[in-house]
Every structure is written in structure tokens, then in C-alpha cells.
2 protein chains.
Amino acid sequence: MSTSGRGLHGHVLERLGPSITAGEYPPGSVLRTDELAQRFEVSRSVMREAVRVLESMHLVESRRRVGVTVRPTNEWNVYDPQVIRWRLAGADRPRQLRSLTVLRCAVEPVAAGLAAKHATAEQCAELTECALGMVAHSRGHKLEGYLVHDIAFHRIVLNASGNEMFARLGDVVAEVLAGRTHHQVMFEDPDPAAVTLHVQVAEAVRAGDAGLAESLTREVVLGALQELDILSPEG
Amino acid sequence: MSTSGRGLHGHVLERLGPSITAGEYPPGSVLRTDELAQRFEVSRSVMREAVRVLESMHLVESRRRVGVTVRPTNEWNVYDPQVIRWRLAGADRPRQLRSLTVLRCAVEPVAAGLAAKHATAEQCAELTECALGMVAHSRGHKLEGYLVHDIAFHRIVLNASGNEMFARLGDVVAEVLAGRTHHQVMFEDPDPAAVTLHVQVAEAVRAGDAGLAESLTREVVLGALQELDILSPEG
DNA sequence: CGCGAACAAAAAGTCAGACTTATACGTCAC
DNA sequence: GTGACGTATAAGTCTGACTTTTTGTTCGCG
């Protein structure tokens with residue numbers, strides 16, 4: 001599940017990181033390394049390593065004679081999977097989920113189009129397998145099983161696109177789907193239309209029909225966005 | 001220009017990071033902290049901080065009794081601006097530039113569509129100003145001036161989209177445009193058609209025509225991709 | 001000959017303390 | 001009020017000793 005549990009500094013990060021992304025220390029707040037080290041009961045060296053990592057995420061900035069200041073939100077490395085996870089665990093998960101889903105709307109259709117051209121036979125097989133798995137878990141409170149296949153499906157599409165930047169969004173999509181299933185009030189069973197669309201996408205990719213794969217995937221992800229907007233406000 | 005020049009550990013990063021992304025230490029290679037500290041003439045504490053940062057970028061993994069091993073390329077945090085910069089400075093800049101431009105193709109049209117709906121009057125003004133600035137520098141070897149306005153233009157569109165994830169791609173686009181201008185063999189003057197398109201995009205956004213803004217931006221970014229493919233091979 | 005357990009070595013991890021350096025802020029002279 | 005100067009502060013750096021985990025080897029037993 002969590003990535004940075006390794007080592008003392010990782011443990012500190014998992015406590016301090018979410019605090020910052022949650023806005024517990026608003027941008028401009030100043031923290032002192034020594035004080036933090038005391039609070040988390042670690043040596044300064046360990047604390048410094050943790051601060052360095054937060055700094056590399058652009059969450060904080062460390063300056064002499066000043067301390068460790070929290071940077072404005074719009075400077076954070078919001079594509080860092082760790083940051084995404086921390087933010088999704090926080091209070092403004094809904095807005096976060098929406099931002100990410102909009103990103104999906106932009107990326108995934110294009111990725112599916114490319115996948116239709118570049119996917120190997122093996123990837124096509126895996127894709128249909130996932131789609132069938134989704135169908136199999138689409139009725140009767142099997143949300144967990146459905147989720148697993150859903151994540152795998154989208155990951156394969158992104159990988160099959162052949163574009164490295166798309167492929168690396170697999171983790172992001174996984175987090176979004178998992179967050180939606182676990183934390184949102186999800187309908188008892190997934191939307192049957194969405195299930196059908198996934199099957200059709202798999203078929204379009206196998207057939208090499210880029211245009212169809214793209215527009216079908218657009219429907220999938222637009223549907224996901226719509227579902228999100230139903231559950232939370234915002235225009 | 002560079003972000004992590006601050007402190008000794010930042011200096012180490014700027015030397016070691018590029019080496020890794022350049023493939024100088026292939027995935028699976030094992031480095032030892034002490035050895036690195038000696039090589040860069042810094043203390044182990046400083047070296048450890050640098051390694052922690054590389055670890056947070058998923059470039060390396062540090063394990064006891066083993067050392068610091070370079071992770072497979074497909075696990076790197078390729079959205080980290082620092083990593084992007086390192087890779088763009090390396091040998092496989094062409095492929096990198098292409099991946100990023102394909103990402104632009106997916107994201108920017110959607111962002112422009114949203115910008116048409118969400119942009120403030122001030123943002124619209126800035127946008128037209130940038131477009132006019134591009135026109136003004138479109139002829140007579142004024143590539144640097146053109147670049148500045150080009151970057152600003154796309155950054156404004158991404159910001160005006162109102163989507164945080166899009167907005168944070170501003171730096172990425174800036175790197176791509178700068179890389180294209182500085183390192184690729186660029187035509188003497190920018191494509192006149194592209195310049196016109198930018199002006200039209202600005203107008204469409206101001207008019208609130210989302211569909212038009214989206215399709216015009218798609219032309220812009222597809223043109224950029226085509227230009228890239230002309231200069232380097234690959235199917 | 002194969003296999004498991006105990007052992008030893010290696011490298012990261014952790015800590016404490018002393019020292020250096022940059023810099024924000026207050027003070028004082030003008 | 002403005003500028004130069006000094007000082008206090010917190011990060012930055014280094015060193016050395018110690019701990020912990022893990023790998024690989026060796027040795028004994030079946």
C-alpha cells in the first residue's frame with residue numbers, strides 16, 4: 001500500500017506530509033527542523049532527510065535563518081503519486097478527485113486511440129480478459145472484484161499507448177478509481193452502460209480502430225466525471 | 001534557471017541526477033553511499049540527503065546491506081520537473097520531447113476548451129497580449145522573444161482552465177518549448193500558420209467558444225508534433 | 001549430496017555533538 | 001528617515017561511533 005514506510009524518515013514523512021497537504025500548516029507557515037525532530041522523536045539528521053524530500057516535492061522551502069516554510073499550493077508537485085495519495089486522504093478529496101478525473105478525460109481517450117495502433121496481441125488479450133472480468137463482477141455487490149479489473153483495464157490501455165507519460169498515469173488512475181469506490185458513496189452496482197463501453201473499447205483496440213477506441217473511451221471517462229458531479233456540487 | 005542549486009546536496013543532485021537519467025548507471029546498478037560521498041567530496045550526511053531525494057523521485061532504491069540501486073526506467077517519476085529537465089538535457093532528448101508533445105496534444109485542447117468557459121477578463125487580455133507579442137516576434141530572427149510569448153501564452157491557457165492538474169503542466173510545456181527552440185534545429189522563423197492559430201485561439205477563448213478554442217488548440221499542438229516528426233525519424 | 005540453521009560481514013540507518021555560514025532584524029550614527 | 005554595522009538565529013555541514021538489517025557463507029546433520 002504505502003511506499004515510504006521504509007526507515008524512520010519515511011515514517012516521519014507519512015505523518016508530516018499529509019498534515020501539510022491537508023492545510024494544517026497553511027502556505028507561509030514556518031516550521032523549525034529542531035522542533036520537528038523533537039516532536040517526532042527522531043534525530044536532526046533523520047528530520048533533515050524528511051525535509052529534503054518534502055522540499056523536492058515543492059511542498060516546503062528551507063531557508064537559512066528562517067526555517068522550513070510551506071510553499072503556496074499552486075507550486076506543489078501534484079503529479080507526485082505520494083502527494084496525490086496524501087491529498088486524496090485529506091479533507092478536500094472531492095475536488096481532488098474531480099481535478100484528476102478531468103485529467104483522465106483529456107488523456108485516456110487519446111491514449112486509447114494510440115493503444116489501438118500500438119497494442120500487442122498479448123495486451124489485447126489481457127484487455128478483453130479484464131473487460132470480461134468487469135462484466136463478471138458487475139452484478140451482486142462485487143465492487144472490490146470489479147475495481148481490480150477496472151484498474152487493470154485502464155492501466156493496460158495507458159501502457160499500450162506506447163507513450164511513457166501516459167503509462168505513468170496508471171498509478172494516478174488507480175488511485176482515483178480506488179478512491180471513488182472506497183470513499184465516495186458508490187452505487188451498489190456499477191453502471192451497466194459503463195461496463196458495456198469497456199467491452200467495446202477492448203474490441204475497438206483489438207480491431208485497431210483508433211477513432212472508435214478514442215470516442216468510446218471518451219464516453220467512459222466522461223461518464224465517470226458525470227457520476228462524480230452527481231454526488232458532489234460545483235458547476 | 002535551475003532549482004536545486006541550493007546547498008551542497010543540491011549541487012550533488014545536479015551532477016548525479018543527470019548521470020542516472022542519462023543511463024550512465026543502468027537500472028539495476030548498485031551505488032554505495034560512502035563511495036559517492038567520497039567522489040563528490042561531501043560528508044555522508046549530505047550524500048544521504050541527496051540519495052533521499054533521488055529515492056523520492058523513484059530514480060533509486062536504497063536497501064540495507066545492498067546499497068543504492070537504480071530503479072527501472074518505467075518506475076521513474078517522469079512528471080517531476082527536475083527529472084524532466086535532467087532527461088531533456090540528456091542524450092535521448094528527441095524521444096523525450098516527443099512523449100511530452102503527445103501529452104500536450106491530449107491535454108492542451110481540453111484545457112483551452114475549459115479556459116474558454118472559465119477565463120477571467122484579465123486572463124483574456126493577457127492572452128491576446130501574448131498572441132500579439134508572438135506576431136510581433138514572428139519575423140526576422142527574433143526566436144527568443146517569440147519563445148517568451150509562446151511560453152506565456154500556453155501557461156495562461158493552462159492556468160485559465162481552472163484545473164489544477166492542467167495548470168501544473170505549465171512548467172512542462174515551458175521546458176518543451178524552450179528545448180525545441182534551443183536544442184532542435186529550428187526553422188529560422190516560426191510557422192506563420194501557427195502564429196495565426198494562436199491569435200485565433202486567444203479570440204475564441206475571449207469569445208467563450210469552447211469548441212472552437214479546443215479544435216484550434218488541437219491544430220496548434222498537432223502542428224508542433226508534426227514539426228517534431230519532420231526533424232527526427234520514428235513512425 | 002542436499003538442506004537448513006547458525007554465523008559473520010557489509011552497507012545502510014541512526015544518533016549526538018561541535019562547528020560553520022548565511023541572513024533577517026534590530027541598533028545606532030548620521 | 002536612511003544607511004551601515006553587529007548580533008542572534010536557524011539551517012547547513014562534518015565527524016565518529018554505534019545499531020540494525022540483510023545477504024551470503026559455512027558448517028553440521030540427515
Side-chain angles (χ1 to χ4, degrees), chain A residues 1-17 19-20 24-72 75 82, chain B residues 1-17 19-20 25-72 75-76 82:
Chain A
M1 282 291 158
S2 62
T3 66
S4 73
R6 306 251 278 244
L8 260 185
H9 93 284
H11 190 250
V12 170
L13 272 176
E14 282 188 356
R15 292 219 288 154
L16 185 53
S19 295
I20 294 174
E24 193 174 315
Y25 306 96
S29 307
V30 179
L31 310 170
R32 277 176 313 242
T33 309
D34 293 16
E35 195 177 286
L36 291 172
Q38 268 193 353
R39 170 132 61 92
F40 293 111
E41 296 175 325
V42 294
S43 68
R44 287 184 324 148
S45 354
V46 168
M47 196 60 225
R48 285 180 56 74
E49 288 172 24
V51 168
R52 284 282 176 258
V53 173
L54 293 175
E55 204 175 24
S56 85
M57 294 166 170
H58 280 66
L59 258 51
V60 302
E61 189 182 357
S62 185
R63 273 164 49 196
R64 271 191 159 125
R65 168 60 206 239
V66 172
V68 179
T69 69
V70 178
R71 300 180 71 147
E75 292 179 6
Q82 186 116 54
Chain B
M1 280 295 157
S2 62
T3 67
S4 74
R6 304 251 277 244
L8 260 185
H9 93 284
H11 190 249
V12 170
L13 273 176
E14 283 188 355
R15 293 219 288 153
L16 184 54
S19 294
I20 294 174
Y25 306 96
S29 308
V30 179
L31 310 170
R32 275 176 310 248
T33 309
D34 292 15
E35 194 177 287
L36 290 173
Q38 269 195 353
R39 169 131 63 93
F40 293 110
E41 296 175 326
V42 294
S43 68
R44 291 197 311 285
S45 358
V46 168
M47 196 60 226
R48 285 180 57 75
E49 289 172 23
V51 168
R52 283 283 177 259
V53 173
L54 293 175
E55 203 175 23
S56 86
M57 294 167 171
H58 279 67
L59 257 51
V60 303
E61 188 182 0
S62 184
R63 273 165 48 196
R64 272 187 159 125
R65 171 57 210 245
V66 170
V68 179
T69 68
V70 178
R71 299 179 71 148
E75 292 179 6
W76 295 353
Q82 187 116 53

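Naming convention: chains lettered A, B, ... in sequence-line order (proteins, then strands); numbering from 1 in each chain. Just so you know, these numbers use all the heavy atoms, side chains as well, and skip hydrogens, waters and symmetry mates. Small disclaimer: the values here were computed from a predicted structure and weren't measured.
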Output the rounded distance in Å from [atom1] ([X]) to [atom2] ([N]).
| X | N | atom1 | atom2 | value |
| --- | --- | --- | --- | --- |
| B/Glu55 | C/dA12 | CD | P | 12 Å |
| B/Leu31 | C/dA12 | CG | C1' | 13 Å |
| A/Glu49 | C/dA12 | CD | C1' | 10 Å |
| A/Phe40 | C/dC15 | CZ | P | 14 Å |
| A/Glu41 | C/dA16 | CD | P | 11 Å |

In short, B/Pro27 meets B/Pro72 closest at the heavy-atom pair CB-CA, 3.8 Å

Taking the side chain as C-beta and beyond, is there a heavy-atom pair between [X] and [Y] under 4.5 Å?
| X | Y | answer |
| --- | --- | --- |
| A/Thr69 | A/Arg63 | no |
| B/Val51 | B/Arg48 | no |
| B/His9 | B/Leu13 | yes |
| A/Leu16 | A/Met47 | yes |
| B/Val12 | B/Val42 | yes |
| A/Val70 | A/Leu59 | no |

At under 4.0 Å between heavy atoms, what does [X] touch on the DNA or RNA strands: base, sugar-phosphate, or nothing?
| X | answer |
| --- | --- |
| A/Thr33 | sugar-phosphate |
| A/Ser62 | sugar-phosphate |
| B/Arg63 | sugar-phosphate |

Polar side chain donor-acceptor pair, B/Ser56 to A/Ser56, under 3.5 angstrom = yes

Could you point out which residue of A/Val60, A/Leu31, A/Val68 forms a side-chain contact (heavy atoms from CB on, under 4.5 Å) with A/Tyr25?
->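 It is A/Leu31; the other options fail the test.
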
Axis-to-axis angle across the helix from C/dC1-D/dG30 to C/dC30-D/dG1, five pairs each end, nearest 10 degrees, ~ 10°

Contact interval (first through last nucleotide) of DNA chain D with protein chain B, 4.0 Å heavy-atom =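 Terminal contacting nucleotides, 5' to 3': D/dT13 to D/dT23.
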
Looking at [N], I'd like to know if its phosphate oxygens (OP1 or OP2) sit under 4.0 Å from a side-chain N or O belonging to [X].
| X | N | answer |
| --- | --- | --- |
| B/Arg44 | C/dA11 | no |
| A/Ser43 | C/dT14 | no |
| B/Arg52 | C/dG13 | yes |

Keeping the roles fixed (side chain from A/Glu55, backbone from A/Ser62), state whether a donor-acceptor pair exists under 3.5 Å.
->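 Yes: the side chain of A/Glu55 pairs with the backbone of A/Ser62.
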
Assess whether salt bridge (Lys or Arg N to Asp or Glu O under 4.0 Å) is satisfied between B/Arg6 and A/Glu61, documenting all intermediate values.
-> CA-CA 10 Å; B/Arg6 304 251 277 244; A/Glu61 189 182 357; 2.8 Å; yes

By nearest nucleotide on DNA chain D, pick out whichever of A/Gly67 and A/Ser45 is the more 5' one.
-> A/Gly67

State the CZ-CE distance between B/Arg52 and B/Met57, to the nearest 0.5 angstrom.
->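 That separation rounds to 14.5 Å.
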
Taking the side chain of A/Val66 as heavy atoms from C-beta outward, which of C/dA24, C/dG17, C/dT14 is closest to it?
->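 Of C/dA24, C/dG17, C/dT14, C/dA24 is nearest to the side chain of A/Val66.
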
Just the atom pairs and distances: protein N or O near nucleotides 8-10 of chain C's N or O, under 3.5 Å.
{"unit_1": "C/dA9", "atom_1": "N3", "unit_2": "B/Arg65", "atom_2": "NH1", "d": "3.0"}

